[in-house]
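Remarks on the structure that follows.
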Amino acid sequence: MTDIIEKPIQRRSETSTSSYATRPNDVPAVVDFADCYECTRYPNRWSKIREQLTAPAAEFMGAFILCLLGCGGNCQATLSANTNVSASPKGDVVTSNLCWALGLSLGVWLSANYSGGHLNPAVTIAFATVRGFPWKKVPIYLLSQLLGALCGAAVVYATYFHEINLFEGGSDIRTVSATGGLFATYAADYLTSVSAFFAEFIGSAMLITGILMFTDKQNGPTPPGVLPVGIFFVLLAISSGLSMNTGAALNPARDLGPRILTAMVGYGRGVFDYRNQYWLWCPILGPIFGMIVAAFFYDTFLYKGPESVLNKPTDEALRHHLHSCASPNKCGAAGIV
């Protein structure tokens, strides 16, 4: 890499107590390539490989954190209520909702700068449908989100394995009705199938509306770090007000990943046979359709950004731009973009 660097460059991180070699022909012992736009983007072989893995890894890690804290909050609140596990409860529905909201907020905070912070197949599909997110990236995003959610739930299961044994009555006993709901979501017994789908549809529509609202520049530039906080409050409100009927999955990966885990550790086929494949039409299709419809509604009546498929210019508008607005003096842009 010595042929890339012509001379040592003063870095932002340098202080009076830390300096690099400054002889004309010397290469600094420590080079922060991120501070220098003159240097290669890939200072070594791994950095080039990492660029291809960054977005999927960020989605995996974000979904992992979401299910680690969310399922963990469910387990602590429910299992500690059993006197065989704990002398007094260590949580309740409020702490459980807070854990899911914090899990999503921290997951978005970690991944937003690297992958966009979707963490949710329904969000990814909605953005691909309405906001021009590349469809070729959708499969790897969905797989990363699913694996992250599964692994997060697996860590929680391992953490609370003994408590689940005490709650269920033995290590060879695993029932959906007792502890299956700590990981995947199931509808209330009195709820009809249509009502269950509607509950997921509405909750998911509200979630992506919050995401679109916070990322809309017309609502004012969002200060750095505020987006995850805003999403925290949106999910906390949805969990507190709309989760009683179905558990508010709102996220196909958040439900399917932990559901697959429960099938693997002894809960059996019941996790998928429940209510004639409830897992498919409610916590998967409900959020996907809810987010697509809400995104279309938001962009139809509010959003004016060029990313939306609803704001794609017509041929007539393009011809007018080429004829009247291509000049820097008229549009403030150097040439045609």
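Side-chain atoms of Ser105 do not come within 3.5 Å of backbone N or O of Ala101 as any donor-acceptor pair. Checked by atom type and distance alone, the side chain of Ser239 never pairs as donor or acceptor with a backbone atom of Leu236 at under 3.5 Å. Remark: side-chain polar atoms of Asn120 are paired, donor with acceptor, to backbone N or O of Leu250 under 3.5 angstrom. With hydrogens and angles disregarded, no donor-acceptor distance shorter than 3.5 Å links the side chain of Glu168 to the backbone of Ala178. Tyr114 places no side-chain N or O within 3.5 Å of a backbone atom of Ala57 that could act as its donor or acceptor partner. Without hydrogens or angle criteria, Asp299 side chain to Val309 main chain gives no donor-acceptor distance under 3.5 Å. Between the side chain of Asp92 and the backbone N or O of Thr95 there is at least one donor-acceptor pair closer than 3.5 Å. Under the 3.5 Å distance criterion, the side-chain polar atoms of Ser243 are left unmatched by any main-chain donor or acceptor of Ser240.
Atom CZ of Phe289 has 12 or fewer heavy atoms from other residues, nucleotides or ligands within 6.0 Å. By the neighbour-count criterion of 12 heavy atoms within 6.0 Å, atom CZ of Phe272 is densely surrounded, having more than that number from other residues, nucleotides or ligands. Heavy atoms from other residues, nucleotides or ligands lying under 6.0 Å from CG of Asn84 number more than 12. No more than 12 heavy-atom neighbours from other residues, nucleotides or ligands sit within 6.0 angstrom of CE on Met61. Annotation: Phe161, atom CZ; neighbour count of heavy atoms from other residues, nucleotides and ligands within 6.0 Å is above 12.
With 3.5 Å as the limit, one finds a donor-acceptor pair spanning the side chains of Gln145 and Thr124. With hydrogens and angles left out, the side-chain atoms of Glu59 and Ser111 include no donor and acceptor closer than 3.5 Å. Tyr267 and Thr179 share a donor-acceptor pair across their side chains, judged by distance under 3.5 Å alone.
A distance of 9.5 Å separates CG in Leu150 from OG1 in Thr262, rounded to the nearest 0.5 Å. Interatomic distance, Thr192 OG1 to Asn245 CG, rounded to the nearest 0.5 Å: 9.5 Å. Here Gln76 contributes atom CD and Cys99 contributes atom SG; the two are 7.0 Å apart, rounded to the nearest 0.5 Å.
Clustering ILVMFWY residues whenever any of their side-chain heavy atoms sit less than 4.5 angstrom apart, transitively, puts Phe214 in a cluster other than the one holding Leu102. Trp109 and Ile65 fall into different hydrophobic clusters, where Ile, Leu, Val, Met, Phe, Trp and Tyr are joined by side-chain heavy atoms under 4.5 Å apart, directly or via other members.
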Side chain to side chain contact (heavy atoms under 4.5 Å, CB included) assessment of Trp46 paired with Leu53: CA-CA 10 Å; Trp46 172 246; Leu53 301 177; 4.0 Å; yes

Thr54 vs Ser115, side chain to side chain contact (heavy atoms under 4.5 Å, CB included): CA-CA, chis, key distance, verdict: CA-CA 7 Å; Thr54 295; Ser115 67; over 6 Å; no

Side chain to side chain contact (heavy atoms under 4.5 Å, CB included) evaluation trace for Thr185 with Arg254: CA-CA 9 Å; Thr185 61; Arg254 167 266 175 274; 3.7 Å; yes

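The aromatic ring centres of Phe167 and Tyr160 sit 6.0 Å or more apart.
Contact detail for Gly257 and Leu146: the closest heavy-atom pair is N-CD1, 3.5 Å.
Remark: Arg259 is positioned above the aromatic ring of Tyr186, its terminal NZ or CZ atom under 6.0 angstrom from the ring centre and at most 45 degrees off the axis.
Under the 30°/60° scheme for interplanar angles, the aromatic rings of Tyr278 and Trp281 are found to stand perpendicular.
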